[in-house]
Amino acid sequence: MLSTIADYTRLTKDMGKSLTQVAQQPDVSRETDYFLSHIGKVKTIDDLLKDYRLYSYAMKAYGLSDMTYAKAFMRKVLTEGVASKDAFANKLTDVRYRQFATAFNFAALGDKATQTAAATTGTATQFVTQTMEEKAGDQNEGLRLALYFTRKASTITTAYQVLADKALTQVVQTALGLPATISSADIDAQAKMIADKINLADFQDPAKVTKFVQRFAAMWDATRAQNDSSTNPALVLIAGAATSVSMDTNVLTTLQNIKFNR
C-alpha cells in the first residue's frame, strides 16, 4: 500500500523513458499527431478557439482543462498577451495563463504565433507530461501530486503561488503535517506559515525538491494507511470537504515545527 515513493522513484529515474512510453500510447499519439499536423494552419485566436480538438489539447497541455469552456476568458488572455505588465494574464495569480499566452503569443507574433517551438513541440511535450501525471493519478493520487509538484517547483517564488494552486497546497500541507482545515485560515497567515517553514529558494535546487517530495510521499502514505481506505484525501480536499486525519500528536507537532531550508 505504501508505494508512492517507490512509484515516484521508478518514474523519475528515467523521465525521458517514462514520457516516451506515454507518448507512444495510441490515444496520446493520435491526439498529438492531429495537433502537430494542424496547429500550424491556425492563424488567429478565433481559429484556435473554433477547432475544439486543437484548443482542448492545448488547454490540457498547460493544465487548464477545467477552463476549456471559458472561451471568452481565454480570448482575453490571448488577445492581451504578456508584453505589458497590465495584460490580463499578468494580473492573474495562476501562472498557467501566462504560460499559455506565451506559448501561443498571438499578441506579439500575429499569424506566426503557431509556428514557434513553444506552440508546437513544446505544447506536445507538455501534453504528454500532463497525461503521464493523470494516468499516474488513476492508480495513486499521491503520485500524481508528487510528479506535478516536481514539475512546478522551480516556478514557485512566493507562498501565494502555492496557495493559489490546490495541488501545490495539498503537497505542502501534507509535507508539513498541516491539517487541510488550515485552508480556512486567513490567506496572509497561511502564506506566512509557509514562508516561515520553507525556504522557497530551495525549490530551484532539484535535489532539495526531491527531498521535499520524498517527505510528502512518506507523509501521504502514512496518512493513507491510517485513513479509511475508501476515502481519498486529495479528492476530498479538492471537493472542499474537511478530512479528519488521525495522527500521533507528537509526530504532528514535530513536523509542523520543521523548517525546510537546509
Side-chain angles (χ1 to χ4, degrees), residues 59 61-67 70 73-74 76-78 80-103 126 129-130 133 141-142 144-206 208-217 219-220 233-243 245 252 255-262:
M59 290 291 280
Y62 289 90
L64 295 170
S65 289
D66 60 340
M67 288 295 288
F73 183 94
M74 295 307 299
K76 185 173 178 62
V77 167
L78 293 171
E80 296 190 16
V82 293
S84 170
K85 66 178 182 180
D86 294 322
F88 183 52
N90 289 333
K91 292 181 177 180
L92 298 172
T93 303
D94 193 331
V95 299
R96 292 176 298 178
Y97 296 104
R98 291 196 291 280
Q99 293 169 347
F100 190 89
T102 299
Q126 291 272 96
T129 302
Q130 287 280 347
E133 291 172 7
E141 185 66 16
R144 178 181 182 179
L145 290 168
L147 292 170
Y148 178 78
F149 185 89
T150 300
R151 177 164 59 86
K152 302 292 289 186
S154 65
T155 69
I156 300 171
T157 56
T158 72
Y160 292 100
Q161 285 176 284
V162 173
L163 296 171
D165 186 314
K166 290 180 180 179
L168 295 180
T169 299
Q170 170 73 3
V171 172
V172 169
Q173 287 180 344
T174 301
L176 296 180
L178 301 173
T181 51
I182 200 170
S183 293
S184 61
D186 176 78
I187 190 72
D188 292 326
Q190 292 183 63
K192 184 178 186 304
M193 179 180 294
I194 291 172
D196 285 345
K197 293 180 180 295
I198 304 171
N199 181 355
L200 297 178
D202 284 352
F203 291 156
Q204 301 302 312
D205 183 338
K208 291 181 178 179
V209 170
T210 298
K211 183 178 180 180
F212 189 84
V213 172
Q214 288 173 339
R215 168 70 60 152
F216 158 76
M219 290 294 294
W220 174 272
L235 296 180
V236 172
L237 175 68
I238 291 172
T243 300
V245 180
L252 181 58
L255 288 167
Q256 288 175 330
N257 284 285
I258 292 174
K259 181 173 172 59
F260 293 90
N261 63 350
R262 292 290 183 270

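All of these numbers come straight from a predicted model, not from anything done at the bench.
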*Asks:* Check whether Asp202 reaches the backbone of Lys208 with its side chain - one donor and one acceptor, N or O, closer than 3.5 Å.
*Replies:* no
*Asks:* Please evaluate residues Met193 and Leu178 with respect to the criterion side chain to side chain contact (heavy atoms under 4.5 Å, CB included), reporting the C-alpha separation (whole Å), side-chain torsions for both, the decisive distance (0.1 Å), and the verdict.
*Replies:* CA-CA 10 Å; Met193 179 180 294; Leu178 301 173; 3.7 Å; yes
*Asks:* Side chains of Thr169 and Gln190: donor-acceptor distance under 3.5 Å anywhere?
*Replies:* no
*Asks:* For a 4.5 angstrom cut-off between non-hydrogen side-chain atoms, does Leu92 reach Phe73?
*Replies:* yes
*Asks:* For side chain to side chain contact (heavy atoms under 4.5 Å, CB included), just list the numbers for Val95 and Lys152, CA-CA rounded to whole Å, side-chain angles, deciding distance to a tenth of an Å, and then say yes or no.
*Replies:* CA-CA 10 Å; Val95 299; Lys152 302 292 289 186; 4.2 Å; yes
*Asks:* So which pairs with a foot in residues 149-191 pass ring pair (Phe, Tyr, Trp, His ring centres under 6.0 Å), sequence neighbours left out?
*Replies:* Phe149-Phe203, Phe149-Phe212
*Asks:* Is the shortest side-chain heavy-atom distance between Gln173 and Pro179 below 4.5 Å?
*Replies:* no
*Asks:* How close do Gln99 and Thr155 get, counting heavy atoms only, and between which atoms?
*Replies:* NE2-CG2, 4.3 Å
*Asks:* Would you say the side chain of Leu200 lies within less than 4.5 Å of the side chain of Gln161, judging by non-hydrogen atoms?
*Replies:* no
*Asks:* Using the salt bridge (charged side-chain N to carboxylate O under 4.0 Å, His left out) rule, collect all pairs that involve residues 173-182, keeping only residues at least two apart or in two chains.
*Replies:* none
*Asks:* Quick one: does Glu133's side chain have a donor or acceptor within less than 3.5 Å of a partner on Arg144's backbone?
*Replies:* no
*Asks:* State, with a plain yes or no, whether a side-chain heavy atom of Arg96 is found less than 4.5 Å away from one of Met67.
*Replies:* no
*Asks:* If you measure from the Lys or Arg side-chain nitrogens to the Asp or Glu carboxylate oxygens, is any gap between Lys192 and Asp188 under 4.0 Å?
*Replies:* no
*Asks:* Atom CD1 in Ile194, atom CG in Leu163: separation rounded to 0.5 Å?
*Replies:* 4.0 Å
*Asks:* With a 4.5 Å cut-off on side-chain heavy atoms, are Thr93 and Asp165 touching?
*Replies:* no
*Asks:* Applying side chain to side chain contact (heavy atoms under 4.5 Å, CB included) to Arg215 and Lys211, what does each step give before you reach the verdict?
*Replies:* CA-CA 6 Å; Arg215 168 70 60 152; Lys211 183 178 180 180; over 6 Å; no
*Asks:* For Asp66, enumerate each residue passing the side-chain contact (heavy atoms from CB on, under 4.5 Å) test, keeping only those at least two apart in sequence or located in another chain.
*Replies:* none
*Asks:* If you define the side chain from C-beta out and look only at heavy atoms, does anything of Trp220 sit under 4.5 Å from Gln170?
*Replies:* yes
*Asks:* Rounded at 0.5 Å granularity, tell me how far CG in Asn90 sits from OG1 in Thr102.
*Replies:* 8.0 Å
*Asks:* For the residue pair Ala101 and Ala89, what are the closest heavy atoms and their distance?
*Replies:* CB-CB, 4.4 Å
*Asks:* Is any side-chain heavy atom of Met74 closer than 4.5 Å to one of Tyr97?
*Replies:* yes
*Asks:* Write down the atom of Ala87, the atom of Gly81, and the distance for their closest heavy-atom approach.
*Replies:* CB-O, 3.3 Å
